[in-house]
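In what follows, a structure is listed as structure tokens, so that the remarks can point back to it.
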There are 2 protein chains.
Amino acid sequence: MKPKLNGKTAVVALGGNAISPKGQEDSIANQFRRTRESLREIMKLIKVGYRMAITHGNGPQVGNALLRVELARGKAPILPLGICVADTEGGMGYMIEQSLQNGLKSAAIDREVVTIVTQVVVDPGDPLFDKYTKFVGQFYSEEEIKNLAKKNGWKVKEDSGRGWRRVVPSPKPLHIVNANAIKKLVDDGTVVIAAGGGGVPVYIENGNIFEGVDAVIDKDLASAVLAKEIGAEELIILTDIDQVALNYGKPEQKWLDCVTADQAHEYLHQEHFPYGSMGPKVKAAINFIEWGGKKVIITSIEKVEEAIQGRAGTTIVRSLQ
Amino acid sequence: MKPKLNGKTAVVALGGNAISPKGQEDSIANQFRRTRESLREIMKLIKVGYRMAITHGNGPQVGNALLRVELARGKAPILPLGICVADTEGGMGYMIEQSLQNGLKSAAIDREVVTIVTQVVVDPGDPLFDKYTKFVGQFYSEEEIKNLAKKNGWKVKEDSGRGWRRVVPSPKPLHIVNANAIKKLVDDGTVVIAAGGGGVPVYIENGNIFEGVDAVIDKDLASAVLAKEIGAEELIILTDIDQVALNYGKPEQKWLDCVTADQAHEYLHQEHFPYGSMGPKVKAAINFIEWGGKKVIITSIEKVEEAIQGRAGTTIVRSLQ
């Protein structure tokens, strides 16, 4: 049976809470349960015929991986951050893939699902390499982390009054190494899970050698590059809240229904969207529209079906009709 | 530039020592170095134009993953074996993929490489589920492991006088869930890394639900299923030694150059090939030929180029010309 396709291709970026629900014990059973719930909503997009790639965050999972590596020091090899990211692409990809396959089977929708481990090219000369902006891994006391920092050559910072953590640079994603293969499969109707955790950052040395690098790539910015490179029309960024707001959390807060990329750019410069939350999502949206994308939706997983019909979420477009 | 293809498709199964060299510290740097060496030999097959999928073992890596999970108990979620296998498919796939991409670039060969996380269907009624035959993870003292066994519900066994280890069943692989996507990419000339560690074993419940299961699949048997399902002509199994022998290690030892699947089957029944070493490789070879495959080569990574020319290794075919 040929799957029903509606001619549109979307990249759907799953936020951390699509997999690790807040306020519940962080067990694999709970991750599977939450992933299945989340994927039920994504299924609705597949039902209406979207071709699709799915990306996802890996914050808690890569944090746990780094903690395990640290606790096994001297007993098992130390894994660099890039390998830990690739590991989570495997494990989380498997979990998302299987959950989606089960949902599709139950709904008798004949679409394949695969997970592709993804490398993302960054520029070693990117000035963002001098900025240690992304927290990774666990919280530690100041004394503990300063010892670890010395031993491992980590940079560390205090994270919003909650404790000390390791920080790494977050360079700009330039190109998805595996984009061609992803595009081939997506074009064919296969749902491809890719760029998990933003993908493994690599750079090209002397014109032709990939090397991994100790950094993490923002998964929404990577999703925008993927969406461009596979020729998607839509980028759908799923997060904790239903809409993007101006003056979020302030008395003059204003939810945004539909804005142009130019307006979004202006709001971004007015610092409406903090770096640690909506900032990279709005930036990813602006990038994708500038690169020729048709539409970006930022919403919660619960509202995604309404959002694609224009009845919920925040939509970013090139120009308002 | 269109890559040069010779019309033949091979599945190449890399043994553990293609990635983790014996007698060296098991660090990621050493794994990368050995992987690059091994891939230089595989490159020679790509140069002559083979379409290719590459599978690989994950014994030491999944052992380390299980150890890290155990040491972080109470501090990070316990990961089931299936997630650990999927993790290694991501991390090792990334390492192999990048090493091969670098080699291909240096040699100006225009072939893409991707890694696909692989699920493998097994039968929950497989009698092999009652046999705990595969050692996984670290060695422990008898006292230590009996505590762990109680806590985790493990089965444990003494491993050849070297200490105690966890044992899991190794059911028969029936079908590669992701075979279609792998075939599409391989047919197109992309080198696909798949079925790492034998793939994640899953079963189909009530006709339509995948569930993971605590077992490991033999990677050579999985490779034979993959080779069948992507329509490969050749299965190339790389291991520690250059050839398969009858009466291995005995005075009457005899190296095998070329045998039929029927002969191999007879030798297998005469117990020339122990379960822990050549047994599953020869079994995989027999299966593949019975399923319509043209040729299986069992050899070392160093001899693979000579072996495909019929000048080294052990070749298994349907009938001798």
Side-chain angles (χ1 to χ4, degrees), chain A residues 25-28 30-31 61 63-65 67-72 75-80 82-95 97-98 101-102 105-106 112-117 119 138 177-178 180-182 184-185 188 190 192-193 196 200 202 207-212, chain B residues 25-28 30-31 61 63-65 67-72 75-80 82-95 97-98 101-102 105-106 112-117 119 138 177-178 180-182 184-185 188 190 192-193 196 200 202 207-212:
Chain A
E25 190 211 348
D26 184 23
S27 68
I28 290 294
N30 280 341
Q31 287 184 25
Q61 290 77 11
N64 287 326
L67 177 64
R68 290 189 194 100
V69 167
E70 193 51 46
L71 292 173
K75 296 183 180 166
I78 294 294
L79 302 179
I83 298 272
C84 291
V85 171
D87 279 349
T88 65
E89 291 195 75
M92 297 183 72
Y94 158 64
M95 194 163 60
E97 175 181 321
Q98 192 183 76
Q101 284 164 332
N102 287 344
K105 274 172 182 276
S106 304
E112 282 185 69
V113 190
V114 300
T115 303
I116 291 200
V117 179
Q119 301 182 68
Q138 306 299 304
V177 173
N178 318 82
N180 271 347
I182 297 168
K184 263 179 217 166
L185 294 172
D188 241 19
T190 301
V192 179
I193 298 155
V200 185
V202 296
N208 64 3
I209 307 289
F210 292 126
E211 286 280 351
Chain B
E25 189 210 350
D26 184 24
S27 68
I28 290 293
N30 280 341
Q31 287 185 25
Q61 289 78 11
N64 288 326
L67 177 64
R68 290 188 195 102
V69 167
E70 194 51 46
L71 293 173
K75 295 184 179 165
I78 295 294
L79 302 179
I83 298 272
C84 290
V85 171
D87 279 350
T88 65
E89 291 197 73
M92 296 183 73
Y94 158 65
M95 195 163 61
E97 174 182 321
Q98 192 183 76
Q101 285 164 331
N102 287 343
K105 273 170 182 276
S106 304
E112 283 185 68
V113 190
V114 299
T115 304
I116 291 199
V117 179
Q119 301 181 67
Q138 306 300 304
V177 174
N178 318 84
N180 271 346
I182 297 168
K184 265 179 215 165
L185 294 172
D188 241 19
T190 300
V192 179
I193 298 155
V200 184
V202 296
N208 64 4
I209 307 289
F210 293 126
E211 286 281 349

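Naming convention: chains lettered A, B, ... in sequence-line order (proteins, then strands); numbering from 1 in each chain.
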Quick one: which of [options] has the most heavy-atom pairs under 4.5 Å with chain A, could you say?
options: B:Leu185, B:Val177, B:Val85; result: B:Leu185
options: B:Asn180, B:Ile78, B:Leu67; result: B:Asn180
options: B:Gln61, B:Met95, B:Glu97; result: B:Glu97
options: B:Val69, B:Thr88, B:Leu79; result: B:Leu79

### Query
Among A:Gln98, A:Glu211, A:Lys184, A:Glu89, who wins on heavy-atom pairs under 4.5 Å with chain B?
A:Gln98
#### Entry: Most chain B-contacting option - heavy-atom pairs closer than 4.5 Å, from A:Gly82, A:Ala181, A:Pro77
A:Pro77
Measuring heavy-atom distances to chain B, does [X] have an atom under 4.5 Å in its side chain, in its backbone, in both, or in neither?
X: A:Thr190; answer: side chain
X: A:Val114; answer: both
X: A:Val202; answer: side chain
X: A:Ile83; answer: both
X: A:Glu112; answer: side chain

I'd like to know if the side chain of [X] and the backbone of [Y] have a donor-acceptor N/O pair within less than 3.5 Å.
X: A:Asp87; Y: B:Gly90; value: no
X: B:Asn102; Y: A:Phe210; value: yes
X: B:Asn64; Y: A:Ala76; value: no

### Task
Grab the two heavy atoms, one from B:Ala72 and one from A:Arg68, that are nearest each other, plus how far apart they are.
CB-CG, 3.6 Å
### Task
Kindly give the heavy-atom pair with the smallest separation between A:Tyr94 and B:Ala86, and that separation in Å.
CB-CB, 3.7 Å
### Test log, rule side-chain contact (heavy atoms from CB on, under 4.5 Å), inputs B:Gln138 and A:Lys75
CA-CA 10 Å; B:Gln138 306 300 304; A:Lys75 296 183 180 166; over 6 Å; no
#### Entry: B:Thr115 OG1 to A:Ile116 CD1 distance, which is reported to the nearest 0.5 Å
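Reported value, rounded in 0.5 Å steps: 8.5 Å.
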